[in-house]
Each structure stands twice: as C-alpha cells, then as structure tokens.
Amino acid sequence: MTLHLYDTLSGGKRLFEPLVPGHVTLYVCGPTVYNRIHIGNGRAAVVFDLLYRVLRARYASVTYARNFTDIDDKIMAAAAREGVAIDELTERYAQAYDEDVAALGTLPPDLKPRATGHLPEMIAMIERLVAKGHAYAAEGHVLFAVESDPAYGRLSKRSIEDMIAGARVEVAPYKRHPADFVLWKPSTPEQPGWDSPWGRGRPGWHIECSAMIDKLLGRVIDIHGGGRDLTFPHHENELAQSSCAHGGAELARFWLHNGMLTMAGEKMSKSLGNIVTVQELAARHDGEVLRYALLAAHYRSTLVWSEDLIEQARKSLLRFYQLLEAAGDPSADDVPVPESLQAALDDDLNTPEAFAVLHRLADELKQAHGDDARRRAGALRAGARLLGLLERPAATFLAEDDARRASASALAPDSIDTLVKEREAARKARDFARADAIREELFAGGIEVKDGVDGPSWSYR
RNA sequence: GGCUGGGUGGCAGAGUGGUCAUGCAGCGGACUGCAAAUCCGCCUACGCCGGUUCGAUUCCGACCCCAGCCUCCA
C-alpha cells in the first residue's frame with residue numbers, strides 16, 4: 001500500500017516517498033506564544049499529529065519539528081499589557097500550548113525550536129539573500145525583493161500583479177516593490193533587539209522558519225505543514241527566502257495545509273473574537289472526544305464547530321468503548337491495523353472514511369462472540385490507535401464519562417438509588433403509573449433506568 | 001475588486017460516470033407492563049441552467065451562493 005498526500009504547491013495528490021529512504025522530515029508551523037490557543041489552532045496540531053502517527057507507522061525514522069514563535073510584535077504588546085517580561089510570557093504560553101495539545105491526544109514533536117534561539121542563523125540567511133541580490137537594506141530594514149524571484153507566488157497561486165491589484169495595506173515608502181516583505185526591522189531601545197549588520201533590530205515573521213528548517217532538518221524537507229491561512233503570505237515568503245538562499249532548491253517536497261474551523265459560518269479567529277479555547281473545552285469535555293470531533297471532517301475541508309458535533313463524537317466513542325468492554329477490553333498489541341482503515345488514511349488522511357471503517361468494524365464486533373469478539377475488538381482498537389483514539393482502558397473512559405454526566409446531573413447518587421428502589425417496589429406491586437412517574441422524574445434529572453434480567457440498573461444519559 | 005477552494009439528505013460529513021458512504025437525529029416494526037439497549041426496515045441528497053454521454057451528483061461551460069487569502073491568524 002502506498003501513501004498519497006495532497007500537495008498545495010502542485011495542486012494535487014501525489015505519491016509520497018521520503019527524499020532519504022526510510023527517513024521523513026516534517027516541519028509544522030506552531031503557535032506565536034502570547035495567549036491560550038483556540039480549538040482551531042488545536043485542529044492543526046491534531047491533523048499533523050495524525051500525519052506524524054501515520055508516517056511513524058510506516059517509516060523507520062521520522063523527525064517532526066514544530067516551532068514556537070517567541071519574538072513578535074503581538075508578544076511585545078501582550079507583555080506590556082500584562083506587565084511581565086517577554087520571556088516570562090512566552091514561557092508561560094509555550095507551556096500552556098503543550099498542555100492544550102496534549103489534552104487533544106497529540107504526541108510531542110521530536111523538536112520544538114524557538115525563534116529566539118536561532119538569531120545567528122536568521123541573520124546569516126538574510127546576509128546570504130542580500131549577497132545574492134534577493135534582499136536589500138533600507139532605513140534600518142532589510143526587505144526581500146519579490147521581483148528577484150521569478151517563481152514568487154507559485155505556492156499561493158497568485159501573481160505579483162494580483163497582489164498589487166488587491167492590496168489593502170499602505171505601502172511603506174522604503175519598499176522597492178509593494179509586495180516586498182520584511183526580513184529584518186529596527187528596534188527602538190525599549191524594544192527587544194539583537195545586533196546585526198543592519199543595526200540593532202529583530203527578525204520579520206517568516207525568516208525564523210526558513211532558518212530553523214535549514215539548521216535542524218536540512219535544505220529540503222519532505223513535508224511542510226500548517227493552516228490554510230498560512231499559505232499566504234507566510235509560506236509563500238518562507239519558500240521564496242529558502243529557495244533563493246539555496247540556489248533555487250525547493251524548501252519542501254510536499255506542502256500540506258489544513259482547513260479552517262468555522263463558528264456560525266465564520267472562521268474562528270483571534271481577530272474576529274469568535275473563539276473557544278482548548279482549555280475551556282477540555283474542562284467540559286473529554287480530550288479524546290474533542291480529538292474525534294476535530295477529525296470528523298477531512299483535514300483539508302472547513303469544519304463547522306458546534307456543541308452538537310462534540311456530542312456526536314462523544315456518542316461514537318461511547319459506543320466503541322462499550323463494545324470494547326463487552327468484548328473483554330483486549331489490547332491492540334501485535335494486532336495489525338485493519339487494511340481498510342490503513343487504506344483510508346493512506347488516501348490523504350481520509351478520516352471520515354476511516355471513521356466509517358471503524359463503525360463497520362464495530363457493527364461486526366457487535367455480532368461476534370467469545371474469542372472472535374476479542375479478536376475483532378483488538379482489530380478495532382488497532383485501527384483506532386493509528387488515529388490516536390481508543391488508547392485508554394474502556395473502563396477508564398466509561399467511568400470518566402459517567403463522572404461528567406454525574407456532575408451535570410441535578411440528582412445525587414443516593415437519591416437516585418432511593419428512587420430506583422422505590423420504582424422497583426412499585427413495579428413489583430404492579431403500580432406501573434407510579435413506576436413510570438419515577439422513571440420520568442429520573443429521566444428529567446439525566447438518569448436512565450434500565451430493567452434487566454438481574455433487576456434494574458441506571459446510568460447517566 | 002483580485003486570487004484560491006467549495007456548494008451532497010433535518011444536521012455533520014465522505015465518495016462515485018450506471019448497486020451501500022458513515023454517524024447523529026427522526027419515523028415504523030420486533031422485543032419490553034412501559035421504557036432503555038439491541039435487532040429489522042424506512043425516509044428526504046447531490047446549488048441553478050445548458051452541454052458531452054446509452055446514462056451525470058460525478059466530466060465540460062455559464063450563472064448564483066458561500067468560505068479562505070489579499071493585514072496578525074492554524
């Protein structure tokens with residue numbers, strides 16, 4: 001079986017094979033650390049975590065790097081607002097990021113480079129671009145000259161002319177061309193800065209990724225990932241810088257971009273303010289449920305985020321875990337990933353198809369008995385594990401889900417037991433009107449009573 | 001305004017030139033004192049208009065609508 005991935009640059013699915021056989025290099029644009037991330041940011045982390053897992057299952061060695069942008073004007077503003085030092089602020093939110101994405105079931109990347117740790121590399125790359133005539137200094141700034149790169153615009157599929165036509169920003173007077181972008185900019189004495197050939201200053205946004213990729217992963221990496229909204233200008237500029245600095249070499253062999261999350265028809269974004277943080281969601285929902293919800297759509301399409309989506313995800317996982325428990329909760333160790341599921345993920349990470357496969361496996365498991373059921377449960381779990389799901393003991397998930405229902409219920413367990421006993425007594429006396437009234441009361445309180453052969457039992461609904 | 005992508009059943013969301021996505025919700029039946037769970041069945045789909053074709057939701061063209069990007073953004 002072969003892995004096919006959609007590449008933004010070539011505009012289609014292509015067979016993926018690493019440049020160096022058996023070893024994959026993956027770089028994903030991480031967060032600018034100045035606040036808590038929202039669930040849309042979480043989607044990117046989960047999507048590329050899934051890719052990481054699929055690659056690791058397939059290749060002997062995968063190096064996954066995800067950066068922290070820890071120098072940026074928004075960070076400076078946030079630090080000033082909160083009255084804390086910049087490094088304190090960035091450290092706090094870098095840790096918060098790690099916590100948030102861990103809650104979504106992501107594995108830590110192999111490398112987590114920070115921009116502030118790579119100033120010499122950035123300065124060196126800017127110097128190289130200046131020397132090659134791709135960049136120029138002006139009024140303390142260093143700018144990349146887009147006209148020096150005939151291929152500029154190829155990633156986002158727009159021409160320099162298009163960009164000028166749609167320009168909404170005022171063009172700085174020192175730019176030779178309106179689309180030229182900043183590689184280096186001067187800092188005032190109060191602003192953080194580093195000494196450079198162009199005076200004390202700080203890097204532009206895009207150069208860090210180019211410099212860190214070059215240093216940590218090599219000139220040409222296999223896969224570069226990030227959100228769709230990074231395609232332009234961030235990735236376009238990264239590509240221009242790196243390829244111009246490296247004599248035209250491609251920066252990445254595959255460019256992967258995940259789609260956006262929307263809330264009520266609009267993109268969830270910090271600037272629009274229509275965000276819901278991962279922290280807030282994780283307090284109310286199981287992280288695995290959130291992960292399932294994020295993977296419910298194909299990673300390239302827009303996903304409509306809603307409470308209903310979360311509830312659907314919870315119900316699916318509840319069903320899977322209940323079936324696993326009924327089958328003795330077998331482990332997936334040494335169980336191969338079902339072929340149909342592997343095929344779904346190998347087709348550009350088709351998670352909706354993968355979920356359909358899991359539900360089919362679950363249907364078959366439900367019909368099975370004994371050893372056959374155990375075997376099928378193991379297969380279900382092995383498939384789900386590749387998605388980073390169903391990795392906990394079933395009893396753990398079910399108990400935690402129950403606890404969440406319990407805390408949402410108005411009824412205390414004691415009074416529930418009392419009511420259930422009362423109802424059972426009424427049933428014995430064939431006072432069904434009374435029994436049903438109690439059932440209604442419990443139901444209203446979020447409790448479902450089930451009459452089994454061993455007597456009644458109840459659970460949160 | 002420019003560029004890119006998309007419009008699938010109540011909702012979410014895959015996919016395909018002619019037999020099924022899948023999940024949730026809903027409806028009917030079996031089972032149950034009644035329910036729940038389970039099982040069986042049902043339901044309404046491919047924005048609009050043309051074209052290609054024996055046949056198009058799927059290919060082509062126009063149109064309408066939506067989203068993303070063009071400014072920090074996953």
Side-chain angles (χ1 to χ4, degrees), chain A residues 8 11 28-32 34 37-48 66 69 72-75 77 101 153 155-159 161-170 179 205 225-234 236 257-262 265-272 275 292-306 308-316 319 322 344 347 350-360 362-363 366-367 423 426-427 430-433 435-437 439-440 442-443 447-452 456-459 461:
Chain A
T8 303
V28 175
C29 287
T32 301
Y34 67 103
I37 60 163
H38 59 71
I39 190 67
N41 304 120
R43 185 186 192 189
V46 166
V47 162
F48 290 104
R66 185 180 60 209
T69 297
D72 175 272
D73 288 4
K74 287 194 301 301
I75 294 176
V101 298
L155 182 67
S156 55
K157 315 221 184 296
R158 62 185 78 189
S159 67
E161 294 73 49
D162 292 340
M163 287 177 257
I164 298 165
R168 302 197 308 226
V169 280
E170 274 195 44
W205 175 32
R228 173 111 95 197
D229 52 358
L230 294 183
T231 311
F232 189 90
H234 185 52
E236 188 73 60
H257 291 103
N258 64 276
M260 300 293 101
L261 222 55
T262 60
E266 255 188 335
K267 176 192 171 189
M268 184 183 289
S269 84
K270 292 173 187 174
S271 44
L272 287 172
I275 64 166
Y292 190 106
L294 287 172
L295 294 174
H298 183 92
Y299 78 90
R300 277 192 282 120
S301 40
T302 302
L303 174 63
V304 180
W305 188 257
S306 68
D308 190 53
L309 176 71
I310 300 170
E311 183 57 15
Q312 286 191 25
R314 185 183 78 86
K315 282 183 176 162
S316 290
R319 172 170 184 251
Q322 283 170 341
D347 180 17
N350 191 338
T351 50
E353 176 60 29
F355 284 175
V357 169
L358 291 182
H359 277 102
R360 261 175 238 132
D363 286 341
K366 202 161 51 189
Q367 306 298 326
R423 174 172 171 277
R427 288 186 69 215
R430 306 204 53 86
D431 181 0
F432 294 122
D436 289 349
R439 177 198 290 291
E440 291 295 317
L442 286 165
F443 190 83
I447 309 301
E448 210 149 60
V449 185
K450 296 157 198 166
D451 299 323
S457 63
W458 59 269
S459 64
R461 61 185 173 87

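Values in this document were obtained by computation on a predicted structure and should not be read as measured data. What's counted below: heavy atoms across the whole structure, side chains too, no hydrogens, waters or symmetry copies. By convention in this document, chain letters (A, B, ...) are assigned in the order of the sequence lines, proteins followed by strands, and residues within each chain are numbered from 1.
- A pairwise comparison of heavy atoms in A297(A) and P352(A) identifies C-CG, 3.8 Å as the closest pair.
- The interatomic distance linking R300(A) (CZ) with G68(B) (P) rounds to 18 Å, in whole Å.
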Give the B/S/- string for nucleotides 4-9 of chain B, one per nucleotide from 5' to 3', where a protein heavy atom under 4.0 Å of the base yields B, of only the sugar-phosphate yields S, and otherwise -.
-> SS----

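- H38(A) comes within contact range of at least one nucleobase, with a heavy-atom separation under 4.0 Å.
- Rounded to a whole Å, the CG atom of D308(A) is 9 Å from the P atom of A25(B).
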May I have the step-by-step check of salt bridge (Lys or Arg N to Asp or Glu O under 4.0 Å) for D363(A) and R360(A), ending in yes or no?
-> CA-CA 5 Å; D363(A) 286 341; R360(A) 261 175 238 132; over 6 Å; no

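- Checked against A25(B), A21(B), A74(B), the side chain of K315(A) finds its nearest nucleotide in A25(B).
- In this structure, S316(A) and Y292(A) have side chains that are in contact, with non-hydrogen atoms separated by less than 4.5 Å.
- Projected onto RNA chain B by closest heavy-atom contact, V304(A) and H234(A) fall at different nucleotides, the more 5' of which corresponds to V304(A).
- Rounded to whole Å, the P atom of C70(B) lies 37 Å from the corresponding atom of U57(B).
- For C3(B) and C59(B), the C1' atoms lie 25 Å apart once the distance is rounded to whole Å.
- Between A296(A) and L309(A), the shortest heavy-atom distance links the atoms CB-CD1, 4.1 Å.
- The separation of C48(B) from U58(B), taken at their P atoms, amounts to 10 Å, rounded to a whole angstrom.
- Taking all atoms of both residues into account, the shortest heavy-atom contact from T8(A) to L155(A) is CG2-O, 3.9 Å.
- Straight-line distance from the CD atom of E266(A) to the P atom of C65(B): 18 Å, rounded to whole Å.
- The separation of G47(B) from C65(B), taken at their P atoms, amounts to 16 Å, rounded to a whole angstrom.
- Note on G259(A): a base of the nucleic acid sits closer than 4.0 angstrom, heavy atoms only.
- Contact between R439(A) and V449(A) at its shortest, heavy atoms only, is NH1-O, 3.1 Å.
- With hydrogens and angles ignored, the 3.5 Å screen pairs a side-chain donor or acceptor of T351(A) with a backbone N or O of L295(A).
- Here the C1' atom of nucleotide C72(B) and the CG atom of L230(A) are 11 Å apart, to the nearest Å.
- The partner of A45(B), taking Watson-Crick or G-U wobble pairs whose two distances both stay under 3.5 Å, does not exist in any strand shown.
- One atom, CG of L303(A), and another, C1' of G13(B), lie 9 Å apart when rounded to the nearest Å.
- The nearest whole Å value for the distance from the CD atom in Q312(A) to the P atom in G10(B) is 15 Å.
- No contact: T262(A) has no heavy atom under 4.0 Å from any strand.
- If you check C70(B), A14(B), A12(B) against the side chain of L309(A), the one that comes closest is A12(B).
- Spacing between U52(B) and C60(B) at atom P, rounded to whole Å, works out to 15 Å.
- Nearest to the side chain of K267(A), among C69(B), A74(B), A21(B), sits C69(B).
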Scan nucleotides 30-42 of chain B nucleotide by nucleotide, 5' to 3', and note B when protein non-hydrogen atoms come under 4.0 Å of the base, S if they reach only the sugar-phosphate, - if neither.
-> ---BBBS-SS---

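- Under the Watson-Crick or G-U wobble criterion, with both distances below 3.5 Å, U38(B) is paired with A30(B).
- Each of A44(A) and D347(A) was assigned the nucleotide of RNA chain B with the nearest heavy atom; the assignment lying further toward the 5' end belongs to D347(A).
- A cation-pi arrangement is absent between R66(A) and F48(A) under the rule of less than 6.0 angstrom and at most 45 degrees off the ring axis.
- Base pairing annotation: U22(B) forms a Watson-Crick or G-U wobble pair with A12(B), both donor-acceptor distances under 3.5 Å.
- Residue A344(A) comes nearest to E353(A) through the heavy atom pair CB-CG, 3.6 Å, listed as atom of the first residue, atom of the second, then distance.
- Comparing the C1' positions of C43(B) and C27(B) gives a spacing of 7 Å, expressed to the nearest Å.
- Nucleic acid contact for G226(A): sugar-phosphate only, since backbone atoms but no base atoms lie under 4.0 Å from a heavy atom of the residue.
- For the C1' atoms, the distance from U19(B) to A12(B) is 25 Å, rounded to whole Å.
- Across every strand in view, U57(B) sits unpaired, with no contact that passes the Watson-Crick or G-U test at under 3.5 angstrom.
- The heavy-atom pair separating R300(A) from R228(A) by the smallest distance is O-NH2, 3.6 Å.
- For F443(A), the CZ atom counts as loosely surrounded, since its 6.0 Å shell holds 12 or fewer non-hydrogen atoms of other residues, nucleotides or ligands.
- Within 4.0 Å (heavy atoms only), T231(A) reaches no atom of the nucleic acid at all.
- Taking atom C1' on both C20(B) and C63(B), the two are 34 Å apart, rounded to the nearest angstrom.
- Protein atom OH of Y292(A) is 13 Å distant from nucleotide atom P of U22(B), rounded to whole Å.
- Remark: P of A12(B) and OH of Y299(A) are 22 Å apart, rounded to the nearest angstrom.
- Across all strands shown, A67(B) is found opposite U4(B) as a Watson-Crick or G-U wobble partner, with both distances under 3.5 Å.
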Quick one: do D451(A) and R423(A) satisfy side chain to side chain contact (heavy atoms under 4.5 Å, CB included)? Show the steps, please.
-> CA-CA 11 Å; D451(A) 299 323; R423(A) 174 172 171 277; 2.9 Å; yes

